[in-house]
Amino acid sequence: MDKQIPSEKVIRELVSSNVRTFAQTFSERHISEFDNPDGTLNMKIHNVFIAVLGEEIQYYTALVRSFDSSLGNMLENLAISIAKIFYTITDRVSGPLYPEQTAKIAELLEAYKNTKNPKKASVDDFNLLRNIKNPTEVEIKTHISDYYLFDEETNEHFLIELKIGGDLDNKKARAEKEAIFEQYAILSNTLEKEAVIKCYFATAYNRYGENKPWTQVRVKQFFSNEELLIGEDFWNFVCKSDDGYSIVIDEYKKNAHIIREALDCIKNKYLS
């Protein structure tokens, strides 16, 4: 990756504009719903078991759930906006998928799931999907992709499944890997034979703390270490720079007061 990032100013502008838009829309939406019984917060504050704990607890438990979801959406949109500077982005993968590939995917997933099976997730397993001989049938399938990126400079294709915090249970982890496998298989059937296709599971932050080991068991059961882009690694990849994460976090911190001010406006409306 580049040591210097000529698009730093653009990245900072994107972070700033996304934060401002998020703060404004989040605040305006909740304030406008104050008298609406079907409003986002009003729908969540009538849990009698929480209500008896007091008005502030009732308000904050409802707000936090809404805020966490909305902030996650903003970070996903921000990452896509930044990635567009450096990559060609497509929102779906469509093409032929052979039954033999589907069967191989199921076989691999079952092996990963079985803790007694010595077979562990490996990036080499993707090659097994490219070596299907004499396919008998074909199914045309479309996947809406979190990120399908193409790097014109390196002629590489990237498939990324992004979960903001990466907190997956067993079923979701399996489903995420299945989606990646199928998208990879489709691309391998449609691109030139020697096309470079790399797949990743990514998170916007490390839930264990940056620079600390990622130990989410369910994720690592289905994804090898080489497939992980956790926190800093994800933002560096998206920004195509070793300084990407530092730039994004620095600019976010500079604009975080805008979000705090928006939250204060909501609080004053609901708790005044």
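Note that these values count all heavy atoms, side chains included, but never hydrogens, waters or copies made by symmetry.
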Whether the side chain of [X] engages the backbone of [Y] through a donor-acceptor N/O pair (distance < 3.5 Å, no angle test) should be reported.
X	Y	answer
N206	I230	no
T203	G165	no
S16	R12	no
S27	Q24	no
N117	K113	no
D146	L162	yes
S17	E13	yes
N236	Y245	yes
N18	L14	yes
N42	F34	yes

Please give me the minimum heavy-atom distance between [X] and [Y], naming the atom from each residue.
X	Y	result
F222	A173	CD1-CB, 3.8 Å
S122	Y112	N-OH, 4.1 Å
A79	V238	O-CG1, 3.3 Å
V219	G166	CG2-O, 3.6 Å
E156	T154	OE1-OG1, 2.9 Å
V19	N255	CG1-O, 3.6 Å

Flag the pair D264 and R260 as a salt bridge only when some basic side-chain nitrogen lies within less than 4.0 angstrom of an acidic carboxylate oxygen. no
Could you note down all residue pairs passing salt bridge (charged side-chain N to carboxylate O under 4.0 Å, His left out) where residues 63-90 supplies at least one of them, sequence neighbours left out? none
Considering only residues two or more places apart or on different chains, which pairs with a residue in residues 203-224 satisfy salt bridge (charged side-chain N to carboxylate O under 4.0 Å, His left out)? D167-R207
Pairs under 3.5 angstrom only: tabulate donor-acceptor contacts from the side chains of residues 47-57 to other protein residues two or more places apart or in another chain.
from : atom 1 : to  : atom 2 : distance (Å)
N47  : OD1    : F49 : N      : 2.9

Evaluate the side-chain proximity of [Y] to [X]: yes if any heavy-atom separation is below 4.5 Å, no if none is.
X	Y	result
E192	N155	yes
F67	L263	yes
I180	F126	yes
I259	Y252	yes
Y148	L187	yes

Could you measure the distance from the [atom1] atom of [X] to the [atom2] atom of [Y]? Nearest 0.5 Å is fine.
X	Y	atom1	atom2	result
M74	L71	CE	CG	5.0 Å
L191	I186	CG	CD1	11.0 Å
I144	T90	CD1	OG1	11.5 Å
I197	L159	CD1	CG	7.0 Å

Would a single hydrophobic cluster contain both [Y] and [X], if residues Ile, Leu, Val, Met, Phe, Trp and Tyr are joined by side-chain heavy-atom contacts under 4.5 Å?
X	Y	value
I160	F223	no
L128	Y98	no
F201	Y147	no
L168	F181	yes
V123	L229	no

Output all residues satisfying ring pair (Phe, Tyr, Trp, His ring centres under 6.0 Å) with Y208, sequence neighbours left out; order by chain, then residue number. W214
I want to check a possible cation-pi pair here: K240 against Y87, using under 6.0 Å from ring centre and within 45° of the ring axis as the test. yes
Salt bridge (Lys or Arg N to Asp or Glu O under 4.0 Å) partners for D125, two or more places apart: K119
Sequence neighbours excluded, which residues qualify as salt bridge (Lys or Arg N to Asp or Glu O under 4.0 Å) partners of K269? none
With [X], which residues qualify under side chain to side chain contact (heavy atoms under 4.5 Å, CB included), at least two apart?
X	answer
T88	F150, E152
T21	T25
S66	F26, R29, H30, T40, L41, K44, S70

Chi angles and distances behind the side-chain contact (heavy atoms from CB on, under 4.5 Å) call for I11, E251: CA-CA 9 Å; I11 292 175; E251 191 62 28; over 6 Å; no
Take C265 and I31 through the test side-chain contact (heavy atoms from CB on, under 4.5 Å) and record every step on the way to the result. CA-CA 8 Å; C265 288; I31 289 175; 4.1 Å; yes
side-chain contact (heavy atoms from CB on, under 4.5 Å) between Q216 and L228, intermediate numbers included: CA-CA 11 Å; Q216 225 279 4; L228 301 181; over 6 Å; no
Can you run down the ring-ring contact (aromatic ring centres under 6.0 Å, His included) pairs that involve residues 160-180, sequence neighbours left out, and say none if there aren't any? none
Could you walk me through whether F237 and Y200 pass ring pair (Phe, Tyr, Trp, His ring centres under 6.0 Å), step by step? CA-CA 11 Å; F237 176 87; Y200 296 104; 5.8 Å; yes
Enumerate the side chain to side chain donor-acceptor pair (under 3.5 Å) contacts for residues 174-185, please, sequence neighbours excluded, ordered by first and then second residue. E110-R174, R130-Y184, K141-E182, H143-E182, S145-Q183, E161-Q183, K163-E176, K177-E227
Under the side chain to side chain donor-acceptor pair (under 3.5 Å) test, which residues partner N189, sequence neighbours left out? Q101
Would you please test K104 and E100 for salt bridge (charged side-chain N to carboxylate O under 4.0 Å, His left out) and show each step? CA-CA 6 Å; K104 177 58 70 173; E100 292 84 354; over 6 Å; no
